[in-house]
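Below you'll find the structure, written out as structure tokens, and then a few comments.
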Amino acid sequence: MTKSVLLGALTVAGLAAGAAAAGTLDDVKTRGTLNCGVTTGLVGFAAPDANGEWNGFDVSVCRAVAAAVLGDPNAVEFVPTTGKTRFTALASGEIDMLARNTTWTFSRDVDLKFTFVGVNYYDGQGFMVPKALGVSSAKDLDGATVCIQTGTTTELNLADFFRANNISYEPVPIETNAEGQQQYLAGACDTYTTDASGLAATRATFENPGDHVLLPEIISKEPLGPLVRHGDDEWADVVRWTLNALITAEELGVTSANVSEMATSSGNPEVKRLLGTEGTLGEMLGLDADWAQRAIATQGNYGEIFAKNIGEETPIALARGLNAQWTNGGLIYSPPFR
């Protein structure tokens with residue numbers, strides 16, 4: 001590690017320790033809004049519409065937390081961040097949580113002093129190329145120019161993959177997905193690489209999506225999920241268990257449409273605990289009994305959020321795959337509410 005990188009890591013870690021000491025849950029309640037870091041724009045995951053209203057798979061996590069804590073899913077200030085700016089924004093306290101296609105890694109967890117509260121999308125890095133290029137495998141990209149977002153795990157994985165396969169490439173550095181899309185479509189790079197879900201989301205916005213193909217190789221593990229600062233366990237618990245509530249709701253058949261009815265009529269003890277009609281789980285979190293009901297009622301359960309924003313019926317057309325519930329052969333799994 002170079003001296004400048006080391007100092008940068010220490011600075012981020014120091015900022016995180018200082019910002020966490022104040023108690024984010026109390027700050028959010030006092031402020032009356034949740035400051036949530038998101039991407040600068042990735043359709044399906046986090047992007048503003050024509051009216052400036054933010055929507056997407058990651059946006060729903062922010063809104064669910066706001067609903068749970070503040071009673072209002074719209075009490076969110078969305079802060080766009082790039083691969084380079086996202087960690088400083090979180091460490092400094094500019095944002096309360098980061099929900100931005102961010103991969104859970106050892107160094108981010110340990111060295112940068114962040115706490116990943118769970119995984120909301122299991123992904124892997126892929127490659128997109130113009131169909132006209134005639135390439136069917138990433139191993140055929142020797143000498144290619146590659147659009148790559150700086151400050152990301154994508155950048156490191158790319159170097160590892162090409163080195164392992166003894167092939168070369170020329171990086172075309174970009175800061176945002178919008179810039180990457182622009183450069184790729186302008187022919188400034190032969191291929192664009194990022195998380196496969198991001199490539200699918202980007203391709204869906206093209207005028208002619210069918211002119212571009214995603215190559216079969218997935219070259220990494222990219223467990224994506226929301227994160228908070230180290231040392232603020234009370235706040236981490238709130239964000240973690242809000243995400244878990246969305247996941248558990250799907251497993252137990254609780255939806256945005258039936259959540260009120262389930263709260264009063266279900267005989268399932270875990271449904272009762274989840275929805276606050278039995279036990280004191282909300283109190284343990286420093287919230288009221290209906291915190292999870294509000295998150296589910298306003299955003300839907302995990303499956304509803306997936307289907308609405310990025311599922312097979314949307315232009316992005318992502319299959320559940322690894323992101324199916326554990327009961328359906330996927331990896332989506334929540335610890336029990338008890």
Side-chain angles (χ1 to χ4, degrees), residues 38-49 54-61 80 82-83 99-104 119-133 135-138 141 144 146-149 152-155 157-158 161 172 174 176-186 189-226 302-324 328-332:
V38 290
T39 183
T40 52
L42 182 62
V43 173
F45 285 88
D49 63 17
W54 283 84
N55 296 290
F57 184 75
D58 291 327
V59 165
S60 292
V61 176
T82 68
R100 187 207 171 280
N101 309 89
T102 297
T103 305
W104 188 345
V119 176
N120 72 330
Y121 194 93
Y122 287 93
D123 211 343
Q125 184 173 333
F127 296 86
M128 177 167 60
V129 297
K131 188 178 287 184
L133 197 64
V135 170
S136 59
S137 167
L141 291 172
V146 184
C147 281
I148 179 79
Q149 287 189 53
T152 63
T153 56
T154 313
E155 195 174 19
N157 297 333
L158 177 68
F161 176 78
V172 178
I174 56 171
T176 67
N177 186 67
E179 184 188 351
Q181 177 176 325
Q182 183 181 22
Q183 293 282 70
Y184 171 77
L185 289 176
C189 50
D190 299 313
T191 180
Y192 184 17
T193 184
T194 188
D195 298 338
S197 65
L199 293 176
T202 299
R203 182 174 64 170
T205 67
F206 291 176
E207 189 175 339
N208 298 300
D211 291 347
H212 305 269
V213 295
L214 304 187
L215 298 179
E217 287 86 358
I218 298 295
I219 67 169
S220 68
K221 293 184 296 184
E222 306 293 331
L224 309 176
Y302 178 88
E304 289 179 278
I305 292 168
F306 192 105
K308 174 185 175 183
N309 292 292
I310 57 177
E312 291 183 288
E313 300 304 313
T314 71
I316 298 165
L318 291 172
R320 286 292 292 266
L322 294 179
N323 297 293
N328 291 322
L331 298 178
I332 296 298

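On a predicted model such as this, the values are computed, not experimentally measured, just so you know.
Put simply, the side chain of Leu214 reaches to within 4.5 Å of the side chain of Arg203, judged on heavy atoms. Between Glu222 and Thr153, the closest side-chain pair of non-hydrogen atoms falls below 4.5 Å. The side-chain heavy atoms of Cys189 and Val146, taken from C-beta on, include no pair separated by under 4.5 Å. The closest side-chain heavy-atom distance from Met128 to Thr193 is not below 4.5 Å. Taking 4.5 Å as the limit, every side-chain heavy atom of Thr152 sits out of range of all side-chain heavy atoms of Asn157. The shortest side-chain heavy-atom distance between Leu318 and Tyr121 falls under the 4.5 Å cut-off. With a 4.5 Å cut-off on side-chain heavy atoms, Val172 and Ile148 do not count as touching. When side chains are defined from C-beta on, Gln181 counts as touching Phe206, because their heavy atoms get closer than 4.5 Å.
Side-chain contact annotation: Asn309 with Asn55, donor-acceptor N/O pair under 3.5 Å absent. In this model, a donor atom of one side chain and an acceptor atom of the other lie less than 3.5 Å apart for Asn177 and Thr202. Between the side chains of Tyr184 and His212, a donor-acceptor pair is found at a separation under 3.5 Å. Side chain to side chain, Gln149 and Thr176 fail the donor-acceptor criterion of an N or O pair below 3.5 Å.
The nearest pair of heavy atoms linking Ile218 to Gly126 is CD1-CA, 4.5 Å. The minimum heavy-atom distance between Thr40 and Pro80, with the atom names listed, is CA-CB, 4.0 Å. Looking at every heavy atom in both residues, Asp123 comes nearest to Ala196 through OD1-N, 3.5 Å.
Atoms CZ and OG1, from Phe45 and Thr39 in turn, are 10.5 Å apart once rounded to the nearest 0.5 Å. Between Cys147 atom SG and Ile174 atom CD1 the span is 5.5 Å, to the nearest 0.5 Å. Atom OG1 in Thr103 sits 5.0 Å away from atom CG in Leu224 (nearest 0.5 Å). Here the CD1 atom belonging to Ile316 is positioned 12.0 Å from the CG atom belonging to Leu199, to the nearest 0.5 angstrom. Put simply, CG on Leu322 and CD1 on Ile332 are 9.0 Å apart, with the number rounded to the nearest 0.5 Å. The line from OG of Ser197 to CG of Asn323 is 8.5 Å long, rounded to the nearest 0.5 Å.
Pairs engaging residues 302-320 under the salt bridge (Lys or Arg N to Asp or Glu O under 4.0 Å) rule: Glu250-Arg320 [sequence neighbours left out].
Between the side chain of Lys131 and the backbone N or O of Gly210 there is at least one donor-acceptor pair closer than 3.5 Å.
Considering only residues two or more places apart in sequence or on other chains, Phe127 meets the ring pair (Phe, Tyr, Trp, His ring centres under 6.0 Å) condition with Phe161.
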Could you go through the side chain to side chain donor-acceptor pair (under 3.5 Å) check for Asn101 and Asp195 one step at a time?
-> CA-CA 8 Å; Asn101 309 89; Asp195 298 338; 5.3 Å; no
